[in-house]
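Encoded as structure tokens, the structure appears first; notes follow it.
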Amino acid sequence: MVPDRRTVQRWGRYADAITRWEHITGRPAPAPALLNDADGPRPAPAFVEWLMGLPTGWVTDTDQLTQNQQITALGNGVLPLQAVSALSLLAA
């Protein structure tokens, strides 16, 4: 997996990792940030969700959570792989 020129231009030094994760997840990377004139860029909840390997919309497909609440939920979440590892250790 070699990132193409457009991917390298968009992601810079992270292009290899982004390309690899896109291949693993089978989904393209969403935009990494939300632009806000007042506060500057903030992490995009959909990007964080994608980075964590969660299904699209797992946290972000709701009108009941604001973007700040989505980021909080994702930041406090446990990756499924971490949970599997923890449960495997407890069961052993």
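More than 12 non-hydrogen atoms from other residues, nucleotides or ligands lie less than 6.0 angstrom from CH2 of W11. No more than 12 heavy atoms of other residues, nucleotides or ligands lie within 6.0 Å of OH in Y14, so this atom counts as exposed by the packing criterion.
The distance from atom CD1 of I71 to atom CG of L65, rounded to the nearest 0.5 Å, is 11.5 Å. The CD atom of Q64 sits 10.0 Å away from the CD atom of Q69 when rounded to the nearest 0.5 Å. Once rounded to the nearest 0.5 Å, the distance linking OG1 of T19 with CG of D4 reads 7.0 Å. To the nearest 0.5 Å, atom CG of residue L74 and atom CG of residue L51 are 10.0 Å apart.
Ring planes of W21 and W50: perpendicular class, angle over 60° (limits at 30 and 60°).
Side-chain contact between R10 and P32 is present, with at least one heavy-atom pair separated by less than 4.5 Å. Counting only heavy atoms from C-beta outward, the side chains of Q70 and V48 never approach each other to under 4.5 Å.
There is a path of hydrophobic side-chain contacts, each under 4.5 Å, that joins F47 to I24.
In this structure, the side chain of E49 does not engage the main chain of L54 through any donor-acceptor pair within 3.5 Å.
Just one residue in the list P45, P41, P43 forms a side chain to side chain contact (heavy atoms under 4.5 Å, CB included) with L34, and that residue is P45.
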